[in-house]
Amino acid sequence: QVQLVETGGGLVQTGDSLTLSCVASGGTLSYYAMGWFRQAPGKEREFVGAISWVGGRTVYANAVKDRFAISRDAAKNALYLQMNDLKPEDTAVYYCAPATTRKDNRPSDPRWKPRDDFASWGQGTQVTVSS
């Protein structure tokens with residue numbers, strides 16, 4: 001079963017940038033789409049963005065649109081999240097997972113969720129943005 005490992009988090013200041021990586025081992029990522037999710041203390045996990053694995057089409061949550069960018073390297077079985085202009089509200093543990101759209105997904109308000117058949121969560125990577 002594919003195992004996902006997220007890295008690249010850290011402590012940064014408001015306005016800084018970070019790039020997170022998600023590398024898969026034990027198999028090839030062949031899902032239709034991969035997504036980034038995050039969970040802040042005391043809050044539910046939320047969708048950050050997703051990318052179609054074949055075409056590279058991306059979609060982002062409104063909270064991060066125009067600041068974050070997702071890319072993938074199929075040859076390396078890797079997914080990336082470039083985060084710019086970070087804000088304190090971006091503080092969370094970030095995870096990658098195969099993703100699919102939720103029933104309430106709208107073009108104006110993209111909402112995705114982890115695939116129901118995915119259970120191999122990595123440890124995530126902590127991003128802390130100080131004000």
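Only heavy atoms go into these numbers, but all of them, side chains included; no hydrogens, no water, no symmetry mates.
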Approximate separation, where rounding is to 0.5 Å, of Thr14 OG1 and Leu86 CG: 8.5 Å

Linked, directly or transitively: Val5 and Trp53 (ILVMFWY side chains, under 4.5 Å): no

Backbone of Tyr94 reached by a side-chain donor or acceptor of Glu6 within 3.5 Å: no

Over all atoms of both residues, closest heavy-atom pair of Ala99 and Gly35: CB-N, 3.8 Å

Contact summary for Trp112 and Ala33, nearest pair of heavy atoms: CZ3-CB, 3.6 Å

Shortest non-hydrogen contact from Val2 toward Ala24: CG1-CB, 3.7 Å

Trace of the side-chain contact (heavy atoms from CB on, under 4.5 Å) decision for Trp36 with Leu79: CA-CA 9 Å; Trp36 283 97; Leu79 180 72; 3.4 Å; yes

Partners passing side chain to side chain contact (heavy atoms under 4.5 Å, CB included) against Asp104 (at least two apart in sequence or in another chain): Arg102, Arg111

Rounded distance (nearest 0.5 Å) linking atom CG of Asp116 with atom OG1 of Thr100: 8.0 Å

Steps toward side-chain contact (heavy atoms from CB on, under 4.5 Å) verdict (Asp90, Arg67): CA-CA 11 Å; Asp90 295 319; Arg67 297 190 298 122; 2.7 Å; yes

Where Ser17 and Gln82 come nearest, the two heavy atoms and their spacing: CB-NE2, 3.9 Å

4.5 Å side-chain heavy-atom contact, Ser120 and Leu4: no

Backbone N/O of Val129 and side chain of Thr91: donor-acceptor pair under 3.5 Å: yes

Tyr95 side chain reached by Pro114 side chain, heavy atoms, under 4.5 Å: no

Test item: Ser130 side-chain N/O and Val12 main-chain N/O as donor-acceptor pair under 3.5 Å: yes

Lys76: side chain to side chain contact (heavy atoms under 4.5 Å, CB included) partners, not counting sequence neighbours: Asp73, Ala78, Tyr80

side-chain contact (heavy atoms from CB on, under 4.5 Å) partner of Leu20, chosen from Ile70, Thr7, Val127: Val127

Donor-acceptor under 3.5 Å (Asp16 side chain, Gln13 main chain): yes

Gap separating the CD atom of Gln126 from the CD atom of Gln39, nearest 0.5 angstrom: 11.0 Å

Non-hydrogen atoms of Phe37 and Lys113 that approach each other most closely: CZ-C, 3.5 Å

Cluster overlap Val48 with Val23, hydrophobic side-chain contacts below 4.5 Å: no

Least distance between heavy atoms, Val64 atom then Arg38 atom: CG1-NH1, 3.9 Å

Any donor-acceptor N/O pair, Arg115 side chain to Pro98 backbone, under 3.5 Å: no

Same apolar cluster: Trp121 and Leu81, side chain cutoff 4.5 Å: yes

Working for side-chain contact (heavy atoms from CB on, under 4.5 Å), residues Phe47 and Val59: CA-CA 10 Å; Phe47 168 68; Val59 62; 4.1 Å; yes

Main-chain N/O of Ser108 paired to Asn62 side chain as donor or acceptor, under 3.5 Å: yes

